[in-house]
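Residue numbering restarts at 1 for every chain, and letters A, B, ... go by the order of the sequence lines.
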Protein chains: 4
Amino acid sequence: MPKIGMEPLRRRALIDAAISAIGERGSLDVTMSDIAGRGGGTPALAHHYFGAKEDLLFSAMRHILAELGRDLREAVAGLSGAARISAIIEVNFSPKQFRPEIIAAWLAFYVEAQRSPSLRRLLRIYARRLNSNLLFALRPLMPAAEAARTAEGIAALVDGLYIRHALKDGAPDAASAIALVEDYLALRLGGSRHA
Amino acid sequence: MPKIGMEPLRRRALIDAAISAIGERGSLDVTMSDIAGRGGGTPALAHHYFGAKEDLLFSAMRHILAELGRDLREAVAGLSGAARISAIIEVNFSPKQFRPEIIAAWLAFYVEAQRSPSLRRLLRIYARRLNSNLLFALRPLMPAAEAARTAEGIAALVDGLYIRHALKDGAPDAASAIALVEDYLALRLGGSRHA
Amino acid sequence: MPKIGMEPLRRRALIDAAISAIGERGSLDVTMSDIAGRGGGTPALAHHYFGAKEDLLFSAMRHILAELGRDLREAVAGLSGAARISAIIEVNFSPKQFRPEIIAAWLAFYVEAQRSPSLRRLLRIYARRLNSNLLFALRPLMPAAEAARTAEGIAALVDGLYIRHALKDGAPDAASAIALVEDYLALRLGGSRHA
Amino acid sequence: MPKIGMEPLRRRALIDAAISAIGERGSLDVTMSDIAGRGGGTPALAHHYFGAKEDLLFSAMRHILAELGRDLREAVAGLSGAARISAIIEVNFSPKQFRPEIIAAWLAFYVEAQRSPSLRRLLRIYARRLNSNLLFALRPLMPAAEAARTAEGIAALVDGLYIRHALKDGAPDAASAIALVEDYLALRLGGSRHA
DNA sequence: AATGAATGAGCCTTCATTCAT
DNA sequence: AATGAATGAAGGCTCATTCAT
């Protein structure tokens with residue numbers, strides 16, 4: 001019995017289903033049937049709402065990024081300097097983000113982005129925003145050139161720790177991941193003082 | 001015109017073709033037809049030599065790792081301490097390894113490894129070997145605990161820089177990648193003195 | 001033009017098509033394409049309804065057995081003793097069952113049953129039921145041991161006549177087949193009196 | 001190192017391999033590769049000696065029939081009347097013939113004969129010869145019409161018992177099979193006396 | 001005599017997508 | 001709004017067969 005206002009609910013359910021399917025399978029080659037099944041619908045319904053598989057996957061990635069963006073905004077609100085950077089780091093490894101499911105989906109989208117211009121654009125926008133965020137907090141603490149390098153280092157470390165945890169069994173170890181990045185930050189801050 | 005002793009040549013050609021196809025497509029979902037075509041054969045021939053697609057892809061990954069392993073061994077021969085570590089870093093970003101094709105294949109295999117136990121095993125063996133290598137060189141320079149952490153940081157940075165370059169257009173920038181990791185190493189070495 | 005409620009119709013059409021194809025070819029190695037074509041569909045449709053070729057073939061055999069079972073039940077209703085046995089014999093050689101198409105399919109399934117546990121189970125269930133039926137009617141007419149032997153003899157004769165008719169051209173000769181088995185029965189009945 | 005006079009040995013080895021493969025698989029759809037492997041050769045070699053798969057299979061069936069024919073001739077030599085018939089029956093269920101392997105191959109060839117005219121011809125020739133043999137022995141014992149019917153009954157029983165044993169697990173029970181056919185014969189003989 | 005090399009043809013199966021209901 | 005029905009297209013894989021050596 002079709003109800004009014006079902007559209008956003010359906011879309012959301014399908015997106016969640018897609019992320020769950022991708023996370024579980026560890027790659028984007030999940031079937032529309034599988035996704036639709038998890039979302040309590042049929043493949044035809046998924047097409048009805050998203051047009052094509054590619055669009056659904058794109059929406060799923062956008063959803064993941066949006067969630068992360070929201071978490072980041074909330075976490076850094078009112079903070080500046082080193083505290084702000086620490087907050088950014090912590091969000092990336094928060095229980096909500098640093099889950100096997102999200103890690104796997106993230107990685108899968110990264111791979112797919114090499115082929116899909118729209119996905120690549122999406123990921124780049126996020127990367128740029130993260131970079132801005134880091135730079136904004138780092139600039140008062142060190143010279144511009146070093147700030148840029150530090151931002152790049154932090155981002156690379158975060159990505160590297162994500163990919164490395166994708167291969168490990170069991171729950172990812174957020175604490176040591178955070179410690180590693182914080183250490184890097186501390187060295188940079190300490191090092192710049194002595195430079 | 002069938003000739004004798006073709007097996008090693010064919011196998012090599014097919015492996016190269018697979019890497020090339022994967023690198024170009026940015027993912028493992030290439031067809032046997034495509035691979036075989038690039039390798040100058042037919043899909044049936046590829047099956048003849050490798051049994052199944054999975055085996056061919058596995059062999060391709062093993063080949064990439066073997067090449068990297070050989071390069072590493074040659075690079076570190078006779079070196080120790082910081083020089084040894086620098087050599088390891090440089091090899092990872094050498095023109096032969098840090099190519100779009102190899103970067104993309106690497107990433108694709110990383111993703112697939114989440115599903116394929118045999119691939120995961122392969123990648124883990126390599127990761128462990130790299131870790132041993134780094135630890136061996138770091139141990140004389142710092143306390144054991146910090147050496148472990150440093151090795152993990154270097155490895156994460158390398159992986160992170162690989163994945164980040166997968167999203168960039170054009171030729172990857174090896175120089176700045178190396179600089180970033182070397183910086184990290186230098187900080188760790190300097191920092192340990194002051195700790 | 002897809003209509004609703006097609007499933008039972010399609011399934012039936014495909015099963016009939018399978019039996020027809022198998023009967024014509026004289027073996028189970030018919031293609032899904034052939035079956036689907038006869039059934040007015042595509043191979044994909046056949047998979048949609050049956051999952052896999054094996055399942056379709058299994059369903060076809062089950063259908064043949066179900067039809068035979070129904071015919072048998074109707075034929076023996078209310079009969080007992082020799083009349084019941086005669087009815088059983090006649091059903092096996094009735095125009096509906098003793099057709100080249102069905103004979104060939106039967107034989108093909110018999111062969112396949114050596115490899116397929118599920119098919120073997122199916123055929124065994126039928127064989128056991130036929131045996132029970134025969135025994136039930138024979139027991140009042142002769143000692144238990146001889147009843148068992150007679151049942152086995154009748155079953156073997158029926159199977160033997162089926163297989164022998166598979167090799168003959170033209171329409172199978174039901175009348176003489178029935179006469180042969182009835183003769184055997186008469187001898188057993190008469191013979192037991194003199195034993 | 002190719003030797004002179006290898007041809008008959010190779011052919012025989014390949015035929016044995018074919019029978020073994022067919023018997024084990026329970027059907028004719030064995031691969032040339034499998035057969036050749038068992039026979040200690042390559043598929044190309046099998047083609048070299050037999051031309052095509054069909055020819056090899058045909059030769060295998062002919063070999064089985066020839067062996068059976070030889071056994072029969074030896075068994076009936078010097079015998080006549082009921083003893084001759086008993087001998088024929090016993091040969092059919094002798095340890096050499098009534099083996100799972102041979103039973104399965106026999107059945108598989110029976111099925112294939114529906115499609116292959118040459119195989120059908122082969123089997124028919126054998127059937128006719130068996131019939132002649134039985135008739136020759138039966139004629140002195142009963143009227144022509146009944147002799148014909150008895151011969152057909154015996155043949156049907158034998159075939160039926162073969163096919164029924166194909167479905168059973170474990171070693172076939174020759175003793176009870178022989179008893180069943182002998183019983184039938186005895187009934188016919190006894191019955192004709194009282195007719 | 002014997003085989004490694006190679007392939008064309010074919011089959012089962014999957015899946016995104018469309019369409020009528 | 002939602003779905004059962006249906007399919008075209010494509011892919012992995014097998015295998016009998018051929019050919020040069």
Side-chain angles (χ1 to χ4, degrees), chain A residues 1-7 9-10 29-36 40-57, chain B residues 1-7 9-10 29-36 40-57, chain C residues 1-7 9-11 29-36 40-56, chain D residues 1-7 9-10 29-36 40-57:
Chain A
M1 36 182 157
K3 290 178 188 166
I4 301 184
M6 287 299 285
E7 171 147 2
L9 279 71
R10 286 284 191 193
D29 84 14
V30 292
T31 70
M32 286 296 264
S33 223
D34 182 13
I35 295 175
T42 65
L45 187 63
H47 272 88
H48 180 63
Y49 281 121
F50 288 92
K53 185 184 183 183
E54 197 188 332
D55 301 316
L56 171 51
L57 296 187
Chain B
M1 37 181 160
K3 286 174 190 168
I4 239 169
M6 289 301 286
E7 173 145 5
L9 282 69
R10 287 289 188 189
D29 84 13
V30 292
T31 71
M32 286 296 266
S33 224
D34 181 14
I35 296 176
T42 64
L45 188 62
H47 277 93
H48 178 61
Y49 283 119
F50 286 93
K53 185 184 181 181
E54 195 186 334
D55 301 315
L56 171 50
L57 297 188
Chain C
M1 35 179 160
K3 287 175 190 168
I4 238 170
M6 290 300 287
E7 172 145 6
L9 283 69
R10 287 289 188 186
R11 288 183 71 95
D29 85 12
V30 292
T31 70
M32 285 297 265
S33 225
D34 183 13
I35 296 176
T42 63
L45 189 61
H47 277 91
H48 179 61
Y49 283 119
F50 287 92
K53 184 184 183 181
E54 196 186 334
D55 300 316
L56 171 50
Chain D
M1 36 184 157
K3 290 177 186 166
I4 301 183
M6 287 299 285
E7 172 147 2
L9 281 70
R10 286 285 192 190
D29 83 12
V30 292
T31 69
M32 287 294 265
S33 222
D34 182 13
I35 296 175
T42 64
L45 187 63
H47 272 87
H48 181 62
Y49 280 121
F50 288 92
K53 185 184 182 180
E54 197 187 333
D55 301 316
L56 170 51
L57 296 187

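Atom OH in B/Y49 sits roughly 17 Å away from atom C1' in F/dT14 (whole-Å rounding). As rounded to whole Å, 9 Å separates atom P of F/dA16 from atom CG of D/L57. Atoms CG (D/D34) and C1' (F/dA16) sit 14 Å apart, rounded to a whole Å. Summarising the geometry, the separation between CG on A/D55 and C1' on E/dT17 is reported as 13 Å, rounded to the nearest angstrom. When the C1' atom of F/dA6 is taken as reference, atom CZ of C/R11 falls 16 Å away, rounded to whole Å.
Counting only distance, with no hydrogens or angles, the side chain of C/K53 and the backbone of C/V30 share a donor-acceptor pair below 3.5 Å.
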Please write out the pairs of protein N or O atoms and N or O atoms of nucleotides 13-15 of chain E separated by less than 3.5 Å, giving the distance to one decimal.
from   : atom 1 : to    : atom 2 : distance (Å)
E/dT13 : OP2    : C/H47 : NE2    : 2.9
E/dT13 : OP2    : C/K53 : N      : 2.9
E/dT13 : O5'    : C/H47 : NE2    : 3.3

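The line from CG of C/D29 to CG of D/D29 is 6.5 Å long, rounded to the nearest 0.5 Å.
Taking all atoms of both residues into account, the shortest heavy-atom contact from B/F50 to B/D55 is O-CB, 3.0 Å. Smallest separation of non-hydrogen atoms from B/P43 and B/A36: N-CB, 3.6 Å. For the residue pair A/A46 and A/M32, the shortest heavy atom distance occurs at CB-CE, 3.9 Å.
Using a 4.0 Å heavy-atom cutoff across all strands shown, C/F50 reaches no nucleic acid atom at all.
For the pair B/L45 and C/S33, both in contact range of DNA chain E, the more 5′-proximal nearest nucleotide belongs to B/L45.
Phosphate contact (OP1/OP2 of E/dA2, side-chain N/O of D/R10, threshold under 4.0 Å): present.
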Completion exercise
Read 5' to 3' with Watson-Crick or G-U pairs under 3.5 Å, [ ] for crossing pairs and | for partners on another strand, DNA chain E gives .||||||||||||||||||||
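With sequence neighbours excluded, the residues forming a side chain to side chain contact (heavy atoms under 4.5 Å, CB included) with D/R10 are D/M6, D/L45, D/Y49, listed by chain and number.
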